[in-house]
Amino acid sequence: MNRKYRKPLIAGNWKMNKTPSETKAFLTQFKAMLPKGRGCDIALCVPAVCIPAAVKAAKETRISIGAETCSAFSSGAYTGEISAIMLADAGCKRVIVGHSERRAMGETDRDVNAKLHAALAAGLSPILCCGESLEQRELGVTQEWIAMQLKAALRGVEAEQIRRVVVAYEPIWAIGTGHTASPEQAEEVCAQIRTILRKLYGGKLARAAVILYGGSMNDQNAPELLAQPDIDGGLIGGASLDPEKLIRILEAANQ
Ligand code: PEP
């Protein structure tokens, strides 16, 4: 990471884990262990029902609370959906958009683009996920795939909005598998993402863009991954469920 231009971000993605009571217990423990003073940005993206408990527990701390997805629409007959406006009103600051697990459930690039716009319009900071499958990596089309996903997701996003977008490179083959990308593999794609952002938005905004790596990041491999110049933090699934592991990842980011 390059601290001169960007502040690191460690973001947890709890997926479908933890109840509201467990959220409260996690945050009580986590807050007590949090290093004092300024450090990297911290976000916890939690299941929708846990948002009120998380927002309450994170009040007056540097932990921002986020959701794991949002609707592409602002309101209407979409049973079970939650709009970005509702999330912002509930106290969320961030939302994950385009996670591969949601794409696997049918979310298209067009949906991801619409959700990104909905999140930005509601004043949220989206964490936009992109990443290739193992087959795409083996076929040598990772770069093209990532460029396509990013260009599609960012269609119509203006330069003044891009400052609020965090991009997370998450190779699908590394998510929840224990097979982390090597620091070199992760850096290569994160650097490509910055090049794409440079082409779309210019050098200054690309330099300031926060780009995360996600995919089996844990307290053991975080130091090496976070030492790469274009990796500005992590989107962390499994390891973010354990306050002690998450604190150790934060410590690595604060080095
Ligand atoms: C994720 O879900 O975004 C993720 C990176 O999960 P894990 O850390 O468990 O691989």
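Both counts, for ligands and for their atoms, begin at 1 and track the order of listing. What you see is a predicted model, and the numbers here were worked out from it, not measured in a lab.
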Could you check whether atom CZ of Arg163 has more than 12 heavy atoms from other residues, nucleotides or ligands sitting under 6.0 Å from it?
no
Within ligand 1, which atoms have a heavy atom of [X] less than 4.0 Å away?
| X | result |
| --- | --- |
| Gly238 | 7 (P), 8 (O), 9 (O) |
| Ser216 | 7 (P), 8 (O), 10 (O) |
| Asn13 | 1 (C), 2 (O), 3 (O) |
| Gly176 | 7 (P), 9 (O), 10 (O) |

Where the closest heavy atom to atom 8 (O) of ligand 1 is concerned, which of Gly215, Gly12, Gly237 has it?
Gly237
With heavy atoms and a 4.0 Å threshold, my read on which part of Ile175 contacts ligand 1 is both
Can you tell me how the ring of Tyr78 sits relative to the ring of Phe73, calling it parallel under 30°, perpendicular over 60° and tilted otherwise?
parallel
Using a strict threshold of under 4.0 Å (side-chain N to carboxylate O), is an ion pair present between Arg248 and Asp242?
no
How far is atom 3 (O) of ligand 1 from its nearest protein heavy atom, and which residue and atom is that?
Glu170 OE2, 2.7 Å
Around atom 1 (C) of ligand 1, find the nearest protein heavy atom and jot down its residue, atom name and distance.
His99 NE2, 3.2 Å
Is any side-chain heavy atom of Asp109 less than 4.5 Å from a side-chain heavy atom of Arg103?
yes
Test your reading of the model: is there a side-chain donor-acceptor pair from Trp14 to the backbone of Ser240, 3.5 Å cut-off?
yes
Does any N or O in the side chain of Asp111 come within less than 3.5 Å of the main-chain N or O of Thr108, such that one atom is a donor and the other an acceptor?
yes
Val166, Ile211, Leu235 screened by side chain to side chain contact (heavy atoms under 4.5 Å, CB included) with Leu9, the one that passes
Val166
Using heavy atoms and a 4.0 Å limit, tell me yes or no: is Ala174 in contact with ligand 1?
yes
